[in-house]
Amino acid sequence: METKEFEFKGFAMNGFVALFIEIAIVALSVWGFVVFANGQLSTPILSVVGLLLACILPIGFRKLEPNEAMVMLFFGKYKGTFTKTGFYWVNFLMTSKKVSLRARNLNPDNIKVNDKTGNPIMIGQILVWKLKDTYKAMFEIDSQTMAGGGSGTAPVSVSSRMRAFESFIQVQSDAALREVAGMYAYDENEAENGELTLRSGGNEINEVLLAKLNERLAMSGLEVLEARINYLAYSPEIAAVMLRRQQAAAIISAREKIVEGAVSMVKMALDKLKTEGVVELDEERKAAMVSNLMVVLCADESAQPVVNTGSLY
């Protein structure tokens with residue numbers, strides 16, 4: 001989106017020079033009153049004007065730290081954004097609204113959402129954000145009313161204004177997180193073959209979340225620098241069932257490995273017996289041997305051996 005922000009081009013004097021002029025005006029005004037009291041001046045009008053100026057001029061003093069900015073207004077009209085660090089004096093008729101340009105963390109509460117397959121899950125995120133466009137942040141969203149507790153005319157502090165921005169980001173981040181969570185399944189058990197999931201997506205999911213967030217925040221002048229999913233779990237009402245399913249899947253996977261290894265070992269034993277001519281077995285004896293070996297190799301507990309003292313035939 002096109003920005004309307006621009007640098008403040010109005011008059012800005014070094015604050016220390018302006019302070020020296022202020023002190024000089026006060027000194028001259030006092031000297032004028034002393035001269036008038038001694039009868040050397042007919043009227044103290046210049047001294048009165050000087051004191052009035054001395055009371056008004058301090059309104060124009062402004063101080064900025066690194067990564068701070070002031071939005072300058074002249075009777076409600078935007079006159080630019082002042083970003084020069086240091087101590088300055090500007091037109092005292094100017095209204096300034098200070099904001100911070102520093103990066104900030106946001107760790108919203110975990111929320112309950114539905115994944116692509118409809119399973120309720122708990123998901124959380126952590127964000128790093130900063131103010132990018134002062135004009136949009138101040139005038140495109142109602143930050144003044146939010147920061148002033150409902151009154152757009154009450155003066156607000158920088159911290160209150162930044163909390164208002166943070167509140168706006170939190171609402172939009174919840175909406176973006178719900179959208180992203182609904183695009184993917186929780187894990188591979190619900191996903192189609194090769195499809196990205198919330199558990200396995202990692203950086204790819206975080207990049208999608210970041211893009212969705214900045215898309216929503218473009219109108220506000222706020223920018224998310226980093227977005228990461230920091231919590232992911234099934235919702236409590238289905239967590240126990242899903243845990244049992246995961247355990248069953250793990251057991252099946254383990255059994256597949258055990259059976260695969262057992263079959264390989266039985267085949268190797270039969271081939272070894274035949275190659276070295278240890279014993280000749282008919283098909284029935286081979287079947288019995290295979291059955292016994294499979295029981296021994298695949299059993300959860302140690303098998304109890306039975307010694308055959310008779311003939312193999």
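- Within the structure, the side chain to side chain donor-acceptor pair (under 3.5 Å) test picks out the following pairs touching residues 5-25 (sequence neighbours left out): Glu5-Thr134, Glu7-Thr83.
- The hydrophobic clustering, which links ILVMFWY residues whose side-chain heavy atoms are closer than 4.5 Å, places Met13 and Ile59 together.
- Nearest heavy atoms, Leu101 versus Ala69: CD1-CB, 4.0 Å.
- Note that CD of Glu166 is 15.0 Å distant from CZ of Arg161, once rounded to the nearest 0.5 Å.
- Cluster annotation: Leu64 is connected to Phe16 through the hydrophobic network of ILVMFWY side chains, with a link wherever side-chain heavy atoms come within less than 4.5 Å.
- Aromatic pair Phe61/Tyr88: ring centres not closer than 6.0 Å.
- Checking side-chain atoms of Ser173 against main-chain N and O of Gln170 turns up a donor-acceptor pair under 3.5 Å.
- In the hydrophobic clustering of this structure, Met70 does not group with Leu131; members are Ile, Leu, Val, Met, Phe, Trp, Tyr whose side-chain heavy atoms approach within less than 4.5 Å, directly or through other members.
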Report task. Please step through side chain to side chain contact (heavy atoms under 4.5 Å, CB included) for the pair Phe139 and Val71, ending with a clear verdict. Result -> CA-CA 10 Å; Phe139 306 118; Val71 178; 3.8 Å; yes
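- Evaluation of the ring-ring contact (aromatic ring centres under 6.0 Å, His included) rule for Tyr184 yields no partner, not counting sequence neighbours.
- Asn107 contributes no side-chain N or O that, together with a main-chain N or O of Ile126, makes up a donor-acceptor pair within less than 3.5 Å.
- Annotation: side chain of Trp129 is not in contact with side chain of Leu225 (no heavy-atom distance under 4.5 Å).
- A donor-acceptor contact shorter than 3.5 Å is absent between the side chain of Ser235 and the backbone of Ile121.
- A donor-acceptor contact shorter than 3.5 Å is absent between the side chain of Asn119 and the backbone of Tyr186.
- Arg62 and Ser96 make their closest contact through NE-OG, 2.8 Å (heavy atoms, listed as atom of the first residue, atom of the second, distance).
- Between the side chain of Arg199 and the backbone N or O of Ala185 there is no donor-acceptor pair closer than 3.5 Å.
- Scored by the ring-ring contact (aromatic ring centres under 6.0 Å, His included) test, Phe92 finds no partners at all (sequence neighbours excluded).
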**Report entry** Verdict with reasoning, Thr81 to Phe8, per side chain to side chain contact (heavy atoms under 4.5 Å, CB included)
**Finding:** CA-CA 5 Å; Thr81 301; Phe8 176 67; 5.9 Å; no
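- No side-chain heavy atom of Leu222 sits under 4.5 Å from any side-chain heavy atom of Lys132.
- In this structure, the side chain of Ser167 does not engage the main chain of Arg163 through any donor-acceptor pair within 3.5 Å.
- In this structure, the side chain of Glu207 does not engage the main chain of Glu204 through any donor-acceptor pair within 3.5 Å.
- Contact check on Arg216 versus Glu179 returns a salt bridge, with a Lys/Arg side-chain nitrogen under 4.0 Å from an Asp/Glu carboxylate oxygen.
- Looking at Met94 and Lys79, their side chains come closer than 4.5 Å, going by heavy atoms from C-beta outward.
- Lys97 contributes no side-chain N or O that, together with a main-chain N or O of Val158, makes up a donor-acceptor pair within less than 3.5 Å.
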Requested in this report: Kindly indicate, with the supporting measurements, whether the criterion side chain to side chain contact (heavy atoms under 4.5 Å, CB included) is fulfilled by Leu93 and Phe74.
Outcome: CA-CA 7 Å; Leu93 295 176; Phe74 185 70; 3.8 Å; yes
